[in-house]
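Written below as structure tokens is the structure these notes are about.
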Amino acid sequence: MTALLRAEGLYKSFGERDVLQGVSLELAAHEVVAVIGASGSGKSTLLRCLNLLEPIDDGLIMLGDEDISDPRVDANRVRARFGAVFQSFNLFPHLSVLDNVTLSARVVHKIPRRDAEARALALLDRVGLADKARDHPDRLSGGQQQRAAIARAISTNPEVLLLDEITSALDPELVGEVLELVRQLAVDGATILMATHEMAFARDVAHRVIFLDGGRILEQGPPAEVFGAPREPRTREFLARFTA
Ligand SMILES: Nc1ncnc2c1ncn2[C@@H]1O[C@H](COP(=O)(O)OP(=O)(O)OP(=O)(O)O)[C@@H](O)[C@H]1O
Ligand SMILES: [Mg+2]
């Protein structure tokens, strides 16, 4: 396996709190990996460190052939190679959905407005929001906002998509439409690292599941193994909470 994204020995502390304690992982092109673990286990921090939203204290991060953990790299340029969607809707409220989706293509990637808009409209169509392009985000449901955020995240053809609990702020009836979109991206060959509490979805869509416990990867493997026959007592304990 040639890794598209490779992290080795990541350490991250906030003050006295050691949040990542030597995390190493690899993500192959077109692989879908779910990161599960209790609240506070470091899932978001891991994702934020990988796309340089948080500086690491120690470790190595390779994206393709580039050492992106080198302090001399231009973090903005590197971040533009990732697409990221977070739990709470992070669309710009003062911009239309269309402008939200075209913004980074136009500003970061210097794509002409006409081309960016043509592509954005095609993407909005793909996520089922063609008729919302001119609306502002506050006119959309939570599920529609997350689908717009996903359209924005993939608008620049990112090499890796980082999804951080993108359904956990949604009303239950809106979760399905967002997960269905992620499933489609996965089928279409996107490379995805997602932190999630949606165990059924992870089991269904992920190629591999990583269980993070206290800032360490305690166990990982195909979903059938991690969910069906977890080796570690702490994994079993964690999963039992979801089936109770
Ligand atoms: N910017 C920060 N400053 C200080 N502490 C932080 C910061 N970000 C995260 N932490 C702490 O790091 C630990 C891990 O947080 P993180 O958000 O990565 O966990 P998580 O696994 O994503 O949890 P959840 O499932 O609740 O989203 C927590 O104890 C949190 O309080
Ligand atoms: Mg989190």
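Only a predicted model underlies this, so the values are computations on that prediction, with no experimental measurement involved. Hydrogens, waters and symmetry mates are skipped; everything else that's a heavy atom, side chains included, is used. Each ligand, and each atom within it, is numbered from 1 in the order the structure gives.
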- request: Measure the distance from atom 31 (O) of ligand 1 to every protein heavy atom, then report the residue, atom name and distance (to 0.1 Å) of the closest one.
  value: R17 NE, 4.6 Å

Minimum-distance protein heavy atom relative to atom 17 (O) of ligand 1: S44 CB, 3.6 Å

- prompt: Would you say L53 and L25 are hydrophobically clustered, going by side-chain heavy atoms of ILVMFWY under 4.5 Å?
  reply: no

message: Quick test: of every protein heavy atom, which one is nearest to atom 6 (C) of ligand 1, and how far off is it to 0.1 Å?
response: F14 CD1, 3.2 Å

Sub-4.0 Å heavy-atom contact, G37 with ligand 1: no

- prompt: Would you call D18 and R216 a salt bridge, using N to O less than 4.0 angstrom?
  reply: no

task: For atom 25 (O) of ligand 1, grab the closest protein heavy atom and report residue, atom and distance to one decimal in Å.
output: K43 NZ, 2.7 Å

query: Is there a donor-acceptor pair under 3.5 Å between the side chain of K43 and the backbone N or O of I36?
result: no

task: Please work out whether any backbone atom (N, CA, C, O) or any side-chain heavy atom from C-beta onward of A38 is under 4.0 Å from ligand 1, and answer side chain, backbone, both or neither.
output: backbone

task: Could you tell me which atoms of ligand 1, counted from 1 in the order shown, lie closer than 4.0 angstrom to a heavy atom of G42?
output: 14 (C), 18 (O), 19 (O), 20 (P), 21 (O)

message: Which heavy atom of D115 sits nearest to which heavy atom of I111, and what is that distance?
response: CB-CG2, 3.8 Å

- prompt: Do other residues, nucleotides or ligands put more than 12 heavy atoms under 6.0 Å from the CZ atom of R139?
  reply: no

message: For atom 18 (O) of ligand 1, which of the options D164, T45, L47 provides the nearest non-hydrogen atom?
response: T45

Ligand 1 atoms in contact with E165 (distance to a heavy atom under 4.0 Å): 25 (O), 27 (O)

Student check: side-chain heavy atoms of R231 and F211 closer than 4.5 Å: no

- prompt: Just heavy atoms, cut-off under 4.0 Å: does H197 contact ligand 1 by side chain, backbone, both, or neither?
  reply: side chain

message: Just to confirm my output: which protein heavy-atom neighbour is closest to atom 26 (O) of ligand 1, and how far is it?
response: S39 OG, 2.6 Å

field: Pair D164 + R48, salt bridge at N-O below 4.0 Å
entry: no

- request: Please confirm if an N, O or S atom belonging to S44, backbone or side chain, lies less than 2.8 Å from the Mg ion (ligand 2).
  value: yes

field: Full working for salt bridge (charged side-chain N to carboxylate O under 4.0 Å, His left out) between R113 and D99
entry: CA-CA 10 Å; R113 178 185 281 271; D99 285 344; 3.7 Å; yes

- prompt: Is the number of heavy atoms from other residues, nucleotides or ligands within 6.0 Å of CZ (R234) greater than 12?
  reply: no

query: Can you check whether G40 has an N/O within less than 3.5 Å of an N/O in ligand 1?
result: yes

query: Where is the nearest protein heavy atom to atom 12 (O) of ligand 1: which residue, which atom, and how far?
result: V19 CG2, 3.1 Å

